[in-house]
Amino acid sequence: MNKKGFIFDLDGVIVDTAKYHFLAWKKLANSLDIDFTEEENEQLKGVSRVKSLEKILAWGNKTISEENFQDLMGKKNEDYLSYISEMDESEILPDVPKVLDFLIKNQQPISLGSASKNARAILERVSLRKQFDQIVDGNDVSKAKPDPEVFLIAAKLLNVSPKNCIVFEDSVAGVEAANSAEMISIGIGKKEVLGHAKYVFNDFTEISEAFLNDLINN
Ligand code: B16
Ligand code: MG
């Protein structure tokens, strides 16, 4: 049996935490008299916490001190953590456990590759921690997606060469990162947005065992 490396992004692929990021960022933006819409939230998907706050401040034409910046990031994360502390298995996106179980049954190594510094806590909350051989998250990287660093570290930890890795991603920057790591990119979301991925599916319910077998064996 061939050994491939399967790397999963977290937010938008395994669970939909974007709605909680939205609530927390909106509260923060509004406290600074900055409007914050769902469309703007879309642009923060896959983007690190620091970069997200920089973007929000730029949209509102605000400049703040470094101390205030750190303080606001802390406040946003506190709010976000209060939302995710309520999460449970019901928030896992459709057929994610089915795909993970199939890969495990076929002895394929699995890693997380997320920008979130809260990834471990979220996996624990939704009881998926033990399905992952490795976890690479926002605490392990110095360069944010679209830099391929997060996925290259995951490949190294899985002991699989990058060209034998498959990445599931919902964000434009994440697909770009997988492509520059020379991995097989699978976009989870809309074709219009993720057209640069090698394959695109709306969600995991569209991914068949035959397709997974092809990925494993070719
Ligand atoms: P945190 P992913 C990303 O997760 C989110 O898509 C993005 O909106 C968020 O700003 C980023 O994590 C950092 O998250 O504030 O929890 O460290 O899609 O890479 O799994
Ligand atoms: Mg994502």
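For ligands, and for the atoms within them, numbers begin at 1 and follow the listed sequence.
Residues V126 and M87 are in side-chain contact: their nearest non-hydrogen atoms beyond the backbone lie under 4.5 Å apart.
With a 4.0 Å cut-off on non-hydrogen atoms, H21 touches ligand 1 through its side chain and not its backbone. Of all the heavy atoms of T17, none lies under 4.0 Å from any atom of ligand 1, so neither backbone nor side chain is involved.
Taking atom 15 (O) of ligand 1 as the reference point, the nearest protein heavy-atom neighbour is R49 NE, 2.8 Å. From the protein, the heavy atom lying nearest to atom 9 (C) of ligand 1 is V47 O, 3.2 Å. In this structure, the protein non-hydrogen atom closest to atom 14 (O) of ligand 1 is S116 CA, 3.4 Å. Protein heavy atom closest to atom 19 (O) of ligand 1, with residue, atom name and distance, is A115 N, 2.7 Å. Regarding atom 8 (O) of ligand 1, its nearest protein heavy-atom neighbour is L44 O, 3.1 Å. For atom 17 (O) of ligand 1, the nearest non-hydrogen atom of the protein is K117 N, 2.7 Å. Remark: minimum distance from atom 4 (O) of ligand 1 to any protein heavy atom is reached at D11 CB, 3.6 Å.
Heavy-atom separations between S52 and ligand 1 include at least one value shorter than 4.0 Å. Contact annotation: K145 has at least one heavy atom less than 4.0 Å from an atom of ligand 1. The shortest heavy-atom distance from G138 to ligand 1 is not under 4.0 Å.
D9 contributes OD2 as its N, O or S atom closest to the Mg ion (ligand 2).
Vertex the Mg ion (ligand 2); arms to D11 atom O and D170 atom OD1; angle 90° (nearest 10°).
Taking the ring centre of Y80 as origin, the terminal cationic atom of K76 falls inside the region bounded by 6.0 Å and 45° from the ring axis.
Using a 4.0 Å cut-off between charged nitrogen and carboxylate oxygen, D71 and K75 count as a salt-bridge pair. Classification of K27 and D79 as a salt-bridged pair holds, one side-chain N sitting under 4.0 Å from a carboxylate O. Taking a cutoff of 4.0 Å between a charged side-chain nitrogen and a carboxylate oxygen, E91 and K19 qualify as a salt bridge.
Residue G46 approaches ligand 1 through these ligand atoms, each under 4.0 Å from one of its heavy atoms: 5 (C), 6 (O), 7 (C), 8 (O). Near L10, meaning under 4.0 Å from one of its heavy atoms, ligand 1 places the atoms 20 (O). Of all atoms in ligand 1, listed by their number and element, those nearer than 4.0 Å to a heavy atom of N118 are 1 (P), 16 (O). Atoms of ligand 1 found under 4.0 Å from any heavy atom of Y80 (numbered from 1 in listed order, with element): 16 (O). Listed by number with element, the atoms of ligand 1 under 4.0 angstrom from any heavy atom of S114 are 2 (P), 4 (O), 19 (O), 20 (O).
Side-chain atoms of Q43 and E39 form no donor-acceptor pair, as typed in the model, at a separation below 3.5 Å. A donor-acceptor contact under 3.5 angstrom links the side chains of N118 and N77, judged on distance only. In this model, no donor atom of one side chain and acceptor atom of the other lie less than 3.5 Å apart for T205 and D95. S171 and E169 are linked by a side-chain donor-acceptor pair at a separation below 3.5 angstrom, with hydrogens and angles left out of the test. Side-chain contact annotation: D9 with S114, donor-acceptor N/O pair under 3.5 Å absent.
Ring-plane geometry between Y20 and Y83 is classed as parallel, the angle between the planes falling under 30 degrees on a 0 to 90 degree scale with a further cut at 60.
The N/O atoms of K45, backbone and side chain alike, include none that comes under 3.5 Å of an N/O atom in ligand 1. Considering backbone and side-chain N/O atoms, D9 comes within less than 3.5 Å of an N/O atom of ligand 1. Considering backbone and side-chain atoms together, G113 places no N or O closer than 3.5 Å to any N or O of ligand 1.
In this structure, the side chain of D11 engages the main chain of A18 through a donor-acceptor pair within 3.5 Å.
Considering I14, I186, I184 as possible partners of F168, the one that fulfils the side chain to side chain contact (heavy atoms under 4.5 Å, CB included) test is I186.
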